[in-house]
K.L.:
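Structure below; questions to follow.
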Protein chains: 2
Amino acid sequence: MRPDVQPELHSEPQPEWRAGPRRQPHAQSRSSEPAGPARPAAEGLSIAGVARQAGVSVATVSRVLNAHENVRPATRDKVLAAIDASGYRVNELARNLRTAESRLLLTMVPDFGNPFYAEIVRGIDSVARQHGYFMLLCDTGADAGRERSYFDLLRRRRADGAICLDPATIQQALGEASSALPWVACCEFEPSMGVPYVGIDNYRAAGDAVRHLLARGHRRIALINSDIDYLYARQRQQGYLDALTEAGITPLEDWRMNLNSLDYEAGASAAAVLMEPSHPKNAAPTAIFAVSDTLATGVLHGLRSIGKRVPDDIAVVGFDDISIASQVDPPLTTIAQPMRELGETAARLLLQRLANPLASVPGVLLPHRLVIRGST
Amino acid sequence: MRPDVQPELHSEPQPEWRAGPRRQPHAQSRSSEPAGPARPAAEGLSIAGVARQAGVSVATVSRVLNAHENVRPATRDKVLAAIDASGYRVNELARNLRTAESRLLLTMVPDFGNPFYAEIVRGIDSVARQHGYFMLLCDTGADAGRERSYFDLLRRRRADGAICLDPATIQQALGEASSALPWVACCEFEPSMGVPYVGIDNYRAAGDAVRHLLARGHRRIALINSDIDYLYARQRQQGYLDALTEAGITPLEDWRMNLNSLDYEAGASAAAVLMEPSHPKNAAPTAIFAVSDTLATGVLHGLRSIGKRVPDDIAVVGFDDISIASQVDPPLTTIAQPMRELGETAARLLLQRLANPLASVPGVLLPHRLVIRGST
DNA sequence: GTGAAAGCGCTAACAG
DNA sequence: CTGTTAGCGCTTTCAC
């Protein structure tokens with residue numbers, strides 16, 4: 001019903017952490033601490049110290065800190081002065097223990113070397129910050145153990161919620177009854193497992209890529225896919241197979257490769273393998289559909305090194321439309337994912353879930369788009 | 001003196017967060033909670049609840065949780081059983097408040113879309129994890145306000161330490177007397193400001209790149225640099241200028257460009273500008289040295305689009321040796337930075353600083369390497 | 001308006 | 001070996 005999620009308090013966009021009115025006064029603190037020389041500015045200073053210096057109670061300091069109404073201006077100023085003078089900073093640990101929230105959101109990616117995640121993460125980050133949350137990124141390395149330990153951060157209340165872009169986690173998560181945890185899946189998800197998710201229609205997207213190649217006259221189309229354990233890999237494979245079948249083509253098993261990496265190198269060597277002359281003459285693919293632009297970029301490199309020209313000898317289609325896609329030679333035809341929106345939506349779903357843990361949050365599919373460039 | 005840093009306790013590599021002996025017993029918890037149906041497994045359960053269920057005191061539970069010695073096996077088993085049955089998880093917030101440490105390390109990058117940071121961050125992450133710390137990544141977007149708020153996470157004890165790869169922060173930080181905060185600088189640093197740092201010798205590295213071009217016979221060498229506010233930009237520019245001068249060449253002002261972005265696109269358009277026919281015939285550069293591989297990759301694309309061939313018409317040298325460098329056409333000659341080691345060293349310096357806040361931690365410079373590929 | 005006091009969930013003495 | 005107890009620094013009734 002609500003046009004946007006408004007977690008309890010903190011509804012206005014605030015650039016800084018809980019930076020209510022109370023921050024203004026001591027911005028630009030001239031660090032006028034009376035302490036010794038190299039003394040780490042007001043190390044173990046607590047609210048009690050400030051209270052003493054200001055000649056008030058801790059309750060009053062707390063009220064000032066939290067911009068509560070019932071404080072006389074004079075008192076407030078006294079407190080502010082004491083805070084300023086002492087260089088006091090709230091111990092967020094204590095505050096969080098009291099309020100039982102950390103205002104931290106976690107985003108887990110399987111590999112932050114993959115540029116695909118960058119824009120998604122930016123989308124998450126911007127929405128989170130708008131709602132007074134910090135977003136912190138973790139690299140799971142697609143490792144179940146590490147994933148689990150990050151989920152533990154959630155269980156142990158060190159973060160309020162999480163967004164997981166990591167396929168492997170999904171499987172892990174399943175066994176952990178983690179659907180009770182405040183997290184959402186992004187890009188890779190299992191619709192059946194009761195966790196809110198956002199992604200694209202991988203089946204249709206793959207079909208679109210293949211149909212584009214078909215329209216260009218290709219009939220022997222190869223698929224360079226990632227590990228078939230991933231849901232998106234299965235969906236894209238099915239889209240590829242069905243598109244071919246619908247065109248009256250029987251997909252050859254030899255045209256398909258499954259890689260356990262999305263690195264450029266993986267794509268390069270896969271291309272070389274695919275083009276091996278061991279293939280029956282009339283069965284060698286004339287086009288390659290790779291399920292990620294990183295892979296496709298590698299494919300371009302691999303084809304180049306075995307003397308094949310793109311798109312004359314062989315066409316290439318990628319997936320994602322990351323920024324490198326338009327820079328390589330030839331620029332990649334690819335399926336664009338709305339990365340920014342994917343991230344923003346994921347963040348919004350999570351915020352929604354935090355605001356109302358009971359409401360069932362829907363899964364959402366965002367539109368993709370075929371971007372035609374020089375590689376086809 | 002010490003071969004390696006060993007923060008107080010937690011010295012052995014532990015794959016999971018404080019995952020002492022206590023974890024084993026309840027791995028694979030069969031989630032046998034007696035609670036209602038959709039009840040979020042043991043939401044607000046505390047150590048006291050476990051103690052009650054196990055018929056022991058909270059102290060004993062705490063001991064079991066922390067794998068202390070003095071607990072009779074029978075008692076320990078009782079507690080473990082209660083923990084297992086209830087699905088209890090430590091509230092890390094409370095624990096941290098008590099122990100006054102969060103076991104969290106922050107890494108700030110100006111832009112996690114830049115692949116240069118990926119390997120560095122992995123290096124940090126692996127060292128951090130080996131020492132029982134979590135590493136969380138923040139994107140400052142090269143924005144001073146955001147940088148400041150992340151530093152606040154430190155001040156407010158939400159993280160134990162930070163590694164900053166963000167040039168802009170350095171300036172910000174200076175004004176904040178933040179040299180007292182537990183952080184180290186990586187890649188971009190101000191040696192004079194008393195913050196431990198790790199990086200490379202940018203001056204020599206740039207010189208090496210230019211000397212390589214000189215050796216190839218080039219005399220009109222352009223420099224595509226980032227914003228000169230950055231220390232590394234100034235250092236590399238100086239290395240470039242001096243190398244040219246030493247070779248008896250007077251560097252032309254027209255050969256130098258300063259960009260406020262490291263994106264591919266920025267490199268592409270810079271290349272186009274640089275090659276404009278407005279240049280006097282005999283002054284057009286025959287080689288371009290770009291201060292990052294992303295820029296150089298864009299340059300390749302830009303040159304291609306105006307019909308220039310690399311390296312025949314013009315040579316290109318990049319910087320960093322990120323993974324894309326070897327994939328583009330032609331593969332980039334570049335200055336390789338030891339990214340992994342940079343990250344690992346930064347993490348070690350930070351850990352050292354945390355273990356002994358008083359000891360002065362040195363700045364360290366790591367070796368770079370010229371990698372010659374097809375673009376020259 | 002302001003203060004006193006009770007915890008948030010945990011760890012660490014200190015007793016027994 | 002195990003239990004009791006005193007806080008960690010903060011927020012929040014509830015009085016005054």
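Order of the sequence lines sets the chain letters (A, B, ...), proteins ahead of strands, with each chain counted from 1. Being a predicted model, the structure only gives us computed values, none of them experimental.
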K.L.:
Quick one: sort the B/Tyr150 and A/Phe134 rings into parallel, tilted or perpendicular, breaks at 30° and 60°.
P.N.:
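Geometry flag for A/Phe134 against B/Tyr150: tilted rings.
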K.L.:
Ion pair present between A/Asp152 and A/Arg148, side-chain N to carboxylate O less than 4.0 angstrom?
P.N.:
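The answer is no: the pair does not qualify as a salt bridge.
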K.L.:
Look at the side chain of B/Asn70 and decide which nucleotide, out of C/dA4, D/dC1, D/dG9, has an atom nearest to it.
P.N.:
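For B/Asn70, the side-chain atoms sit closest to D/dC1.
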K.L.:
Between B/Asn66 and C/dT11, is there a side-chain N or O to OP1/OP2 distance below 4.0 Å?
P.N.:
yes
K.L.:
Which part of the nucleic acid, if any, lies within reach of B/Ala100 when heavy atoms closer than 4.0 Å are counted: base, sugar-phosphate only, or nothing?
P.N.:
nothing
K.L.:
What is the distance from CG of A/Asn96 to P of C/dG7, rounded to the nearest Å?
P.N.:
21 Å
K.L.:
Take the protein atom CZ of B/Arg95 and the nucleotide atom C1' of C/dG9, then report the distance between them rounded to whole Å.
P.N.:
11 Å
K.L.:
Regarding B/Asn66 and B/Arg95, do their side chains bring together a donor and an acceptor under 3.5 Å, going by distance alone?
P.N.:
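Distance-only check passes for B/Asn66 and B/Arg95.
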K.L.:
Could you give the CZ-to-P distance, from B/Arg158 to D/dG9, as a whole number of Å?
P.N.:
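Roughly 16 Å, once rounded to whole Å.
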K.L.:
Does any N or O donor sit under 3.5 Å from an N or O acceptor when you compare the side chain of A/Arg98 with the base of C/dG7?
P.N.:
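Looking at the base of C/dG7, it does pair with a donor or acceptor on the side chain of A/Arg98 (distance under 3.5 Å).
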K.L.:
Which one, D/dT2, C/dT11, C/dG9, comes nearest to the side chain of B/Val58?
P.N.:
C/dT11
K.L.:
Whole Å only: how far is the NZ atom of A/Lys78 from the C1' atom of C/dT2?
P.N.:
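It is 10 Å, rounded to the nearest whole Å.
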K.L.:
Describe the nucleic acid contact of B/Asn91 in one word from base, sugar-phosphate, nothing, applying a heavy-atom distance below 4.0 Å.
P.N.:
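If one applies the 4.0 Å heavy-atom cut-off, B/Asn91 turns out to touch the sugar-phosphate alone, with no base involved.
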K.L.:
Rounding to a whole Å, what distance do you find between B/Leu45:CG and C/dG9:P?
P.N.:
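Taking atom P of C/dG9 as the reference, CG of B/Leu45 is at 9 Å.
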K.L.:
When you get a sec, tell me which of C/dG1, D/dT2, C/dA12 is the closest nucleotide to the side chain of A/Thr75?
P.N.:
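Among C/dG1, D/dT2, C/dA12, the one nearest the side chain of A/Thr75 is C/dG1.
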K.L.:
What's the closest nucleotide to the side chain of A/Thr99 if the choices are C/dA4, D/dT11, D/dT2?
P.N.:
D/dT11
K.L.:
Does OP1 or OP2 of D/dG9 have a side-chain N or O of A/Ser46 closer than 4.0 Å?
P.N.:
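Answer no for this pair, as no side-chain N or O of A/Ser46 is under 4.0 Å from OP1 or OP2.
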K.L.:
Relative to the 5' end of DNA chain C, which residue comes earlier, B/Leu97 or B/Arg63, by the nucleotide with the nearest heavy atom?
P.N.:
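Its nearest nucleotide lies further toward 5', so the answer is B/Leu97.
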K.L.:
Taking CD from A/Glu101 and C1' from C/dG9, how many angstroms apart are they, rounded to a whole number?
P.N.:
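That distance rounds to 17 Å.
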K.L.:
I want to check one thing: is the phosphate of C/dT2, taken as OP1 and OP2, less than 4.0 Å away from some side-chain N or O of A/Thr60?
P.N.:
no
K.L.:
Applying a 4.0 Å non-hydrogen cut-off, can you work out what B/Val61 is touching in the nucleic acid: base, sugar-phosphate, or nothing?
P.N.:
nothing
K.L.:
Considering only heavy atoms from C-beta outward, does the side chain of A/Leu351 approach that of A/Leu105 to under 4.5 Å?
P.N.:
yes
K.L.:
Among D/dC1, D/dT11, C/dA12, find the nucleotide with the atom closest to the side chain of B/Ala59.
P.N.:
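Between D/dC1, D/dT11, C/dA12, the one nearest the side chain of B/Ala59 would be C/dA12.
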K.L.:
Whether B/Asp125 and A/Arg146 form a salt bridge (side-chain N of Lys/Arg under 4.0 Å from carboxylate O of Asp/Glu) is what I want to check.
P.N.:
yes
K.L.:
Between atom CD1 in A/Ile47 and atom C1' in D/dG7, what is the gap in whole Å?
P.N.:
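These atoms are roughly 16 Å apart.
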K.L.:
Using a cut-off of strictly less than 4.0 Å, decide whether A/Arg72 has a side-chain nitrogen or oxygen near OP1 or OP2 of C/dG1.
P.N.:
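For C/dG1, neither OP1 nor OP2 has a side-chain N or O of A/Arg72 closer than 4.0 Å.
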K.L.:
State, yes or no, whether a side-chain contact exists between A/Leu104 and A/Arg158 at a heavy-atom distance under 4.5 Å.
P.N.:
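Side chain of A/Leu104 against side chain of A/Arg158, heavy atoms only: no contact under 4.5 Å found.
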K.L.:
If I take atom CG in residue B/Asp77 and atom P in nucleotide D/dC1, what distance separates them, rounded to the nearest angstrom?
P.N.:
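Rounded to whole Å, this separation is 14 Å.
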K.L.:
Taking the minimum atom-to-atom distance to the side chain of B/Val71, which one of C/dT11, D/dG9, D/dT2 wins?
P.N.:
D/dT2
